[in-house]
Amino acid sequence: MRPRSVGAPDSSPSFPNAPLVTELLLLDDDPLQLKLLARALNGLGYHDVVGCTTAAVALDALNAPERTIGLIFLDLNMPDVDGVAFLRLLAESHRSIPVVLVSGEDERLVETAARLGASHQLTVLGTLPKPVWPVELRALLARWESPAPAASGAPTAYAAGDVTRAVRHGELVNYYQPKVDLVTGTVAGVEALVRWRHPLHGDVLPGRFLGVVEEHGLISELTRVVIGAALSQADEWRQDGLQLSVAVNVSMDDLAQVDFADYVLAELERHGVPPSDLVLEVGEPRLARDPHAVMEVVSRLRLKRVTMSIDDFGTGHSSLAQVRDLPFNEVKIDGSFLHGAGSNATLAALFTASVDMARRIGMRTVAEGVEDSADWAWLRSRNCDQAQGFFLGRPMPADELRHWLAGWERRRRELFPA
Ligand code: C2E
Ligand code: MG
Ligand code: MG
C-alpha cells in the first residue's frame, strides 16, 4: 500500500515555522484518527501531510528519495509494530526527524515513551492527547523549526589535548546564575557554572566537555580552577558591598580526596570569604570509590559551616540514600520534577513529597529549572525555600550580574506583590 497524501501541497503556508518543502508524516493504525489529525493540520495551514496506517508503510515513505518528511506524528498503541518499537526503528535510520507522540494512553506511559525517544537521541517535540485540539497542535507546531545548520564548525566531541589546555591555561570562565529566596524575593546567592571560552567556538557549555574532563582525570583540576575563580569573584562582590553566597558544583571524586576539606577551607581563608557563604553541590550519578573519605570530607566541611547540597535530587544516585548516609543540609530538586508540575499530578506529588521530606529533617530546599510563569505560579505555594531557573535569570558572566540585579529589584515587585 502506498502512503496517502492527505490534502494538496500548498506553496504558501501561512505559518513561518513550516519549512516550504517539508512533509508531515502521520502514523496511526486508525484511519479515522488519521483523517481527524490531517484535517486539524490542514486547518492550521499544513497541507503536505502523508498518512500511514502501518509502520512498514511509514518506513517506506521515510526511505523514499522523493519524500521530504520533516516531522512525524506517531500513535503509540498500534498492532504489530507499536509506537515504542517504531521509535527504536527511527533512531536507527532517521534520527534527525523530530517526533510528536499522539496517544490516548495515560500521561505517565506517554511521558516514559517520550523519555525513551530522547534516550534514543531523537528529538521528541512534544506529546498530544487524543483527540487532538487545534490549540495544542498549534502551540506544538510553533516549536517546530527547520533543523539548525551545524553551529560554527564546533565538533560534537573535543579532543583530550584541547580540553587539558583549556583547564590548565585559563580558558575556563564561570557564569553565575541567581537563586532567589521564595519568601522575601531577595537574591539568595548564585551558582557558578563553568564555560570553556573557546578561541573559535565561543563559550562552550559544560555538557560538551565535562565528559572528556572526567575521562582524563582532570576533574579535580577543573574544580580547583572553578572554586578559585568563584571565591575571588565573591570577594570582589563583597568589596563592592554585595554579599552573595556562591555555589560550586563538585564531583564525588573531589569529595573522595581526604585533603579536599583542607583545600577548600584554605581557599576560603585566602579569599576572605566566610565558609557560610559557600555551597558545594554534588550531583554525581556515580558512587564514590572511597565512601569513608567522602563521609569525612562532607562532615568536616559541614562542621565549618559550608553548605553541602545534593544536586539534581530525585535523579540517578541523588537520592534518599545520600540523605541517609551523609550530612547534606540542602536539596536541589531536579528541574524535571518542577517543570510542568502544575498540570501533571505525578510530578506535583513527587516534588511536594521531596520538599516535605527535606523540611522534616531541616534541610534547605531549592527548586531548579523554574522555566516559565506556570512553573513560577505553581511553585509559589509549595513551601520551598529558594528558586533558580531561566524564568528568574539565566547563567551570565559576572559583569552582567550587576545589571541583572538592578532589573531584579523591579521584577521582584511584580513577582512578590505586597
Ligand atoms: P546543574 O548543577 O544542575 O546546573 C543547572 C543547569 O541547568 C545549568 O546547565 C543551567 O544552565 C541549567 N538551567 C538553569 N535554569 C534552567 C531552566 O530553567 N531550565 C533548564 N532547562 N535548564 C536550566 P549548565 O550550565 O549547562 O550545566 C550543566 C551541568 O554541568 C550542571 O548541572 C552541573 O552538573 C555541571 N557543571 C556545571 N559547572 C560545573 C563545574 O564547575 N564543575 C562540575 N563538576 N560540574 C559542573
Ligand atoms: Mg548544580
Ligand atoms: Mg541541578
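What you see is a predicted model, and the numbers here were worked out from it, not measured in a lab. What you see below is based on every heavy atom in this structure, not just the backbone, and it leaves out hydrogens, waters and symmetry mates. All ligand and atom numbering here is 1-based and tracks the order in the structure.
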| message | Yes or no, since that's all I need: does a protein heavy atom fall within a distance strictly under 4.0 Å of atom 9 (O) of ligand 1? | response | no
| For atom 32 (O) of ligand 1, is the nearest protein heavy atom closer than 4.0 Å? | no
What's the shortest distance from [atom] to any protein heavy atom, and which residue and atom give it?
atom                    : value
atom 42 (N) of ligand 1 : Asn249 O, 3.3 Å
atom 21 (N) of ligand 1 : Glu371 OE2, 2.9 Å
atom 38 (N) of ligand 1 : Val194 N, 3.1 Å
atom 15 (N) of ligand 1 : Gln177 NE2, 3.0 Å
atom 4 (O) of ligand 1  : Leu193 CD2, 3.5 Å
atom 36 (N) of ligand 1 : Leu210 CD1, 3.7 Å
atom 27 (O) of ligand 1 : Pro206 CG, 3.4 Å
atom 13 (N) of ligand 1 : Phe390 CE2, 3.5 Å

Return yes when [X] approaches ligand 1 closer than 4.0 angstrom through a heavy atom, no otherwise.
X      : answer
Pro395 : yes
Leu222 : yes
His339 : no
Gly369 : yes
Gln388 : no

Between [X] and [Y], is there a side-chain N and carboxylate O pair less than 4.0 Å apart?
X      : Y      : answer
Glu111 : Arg108 : no
Glu267 : Arg224 : no
Lys179 : Glu191 : no

| Arg208 to Tyr158 six-membered ring, cation-pi geometry met (6.0 Å, 45°) | no
[X] neighbourhood, listing ligand 1 atoms whose heavy-atom distance to it stays under 4.0 Å:
X      : result
Asp312 : 3 (O)
Asp311 : 1 (P), 2 (O), 3 (O)
Val226 : 41 (O)
Val370 : 18 (O)
Gly389 : 15 (N), 18 (O)

| Of all the atoms in Asn249, is at least one N, O or S atom closer to the Mg ion (ligand 2) than 2.8 Å? | yes
| query | Does the side chain of Val279 reach to within under 4.5 Å of the side chain of Val248, using non-hydrogen atoms? | reply | no
Please determine whether the number of non-hydrogen atoms from other residues, nucleotides or ligands lying under 6.0 Å from atom [atom1] of [X] exceeds 12.
X      : atom1 : value
Glu400 : CD    : yes
Arg305 : CZ    : no
Lys130 : NZ    : yes

| query | Pairs in or reaching into residues 337-359: which pass ring-ring contact (aromatic ring centres under 6.0 Å, His included), with residues at least two apart or in two chains? | reply | Phe351-Trp378
| query | Can you tell me if Arg359 uses its side chain to pair, donor with acceptor, with the backbone of Asn383 under 3.5 Å? | reply | yes
| request: Go through the steps to decide whether Arg195 and Asn174 satisfy the test side-chain contact (heavy atoms from CB on, under 4.5 Å), and finish with yes or no. | output: CA-CA 6 Å; Arg195 303 288 183 262; Asn174 287 352; over 6 Å; no
| field | Polar side chain donor-acceptor pair, Glu330 to Ser309, under 3.5 angstrom | value | yes
| query | So which bit of Glu191 gets within less than 4.0 Å of ligand 1, heavy atoms only: side chain, backbone, both or neither? | reply | side chain
| Proximity of Arg195 to ligand 1 by residue part, where a heavy atom lies under 4.0 Å | side chain
| field | Verdict with supporting geometry, Ser220 and Asp254, side chain to side chain donor-acceptor pair (under 3.5 Å) | value | CA-CA 6 Å; Ser220 74; Asp254 293 316; 4.8 Å; no
| said: Could you identify the N, O or S atom of Glu191 positioned closest to the Mg ion (ligand 2)? | reply: OE2
| task | Could you tell me how the ring of Phe260 sits relative to the ring of Tyr263: parallel (under 30°), tilted (30 to 60°) or perpendicular (over 60°)? | result | tilted
| Mutual orientation of the aromatic rings belonging to Trp404 and Trp408 [parallel < 30°, tilted 30-60°, perpendicular > 60°] | parallel
| field | Contacts of Asp240 that satisfy side chain to side chain donor-acceptor pair (under 3.5 Å) - sequence neighbours left out | value | Arg402
| task | With sequence neighbours left out, write down each residue that passes ring pair (Phe, Tyr, Trp, His ring centres under 6.0 Å) with Phe416, or none if nothing qualifies. | result | Trp376
| said: Closer than 2.8 Å to the Mg ion (ligand 3): how many protein N, O or S atoms are there? | reply: 4
| Between Leu205 and Trp196, is a side-chain contact (heavy atoms from CB on, under 4.5 Å) present by the stated rule, with each step listed? | CA-CA 7 Å; Leu205 290 171; Trp196 173 6; over 6 Å; no
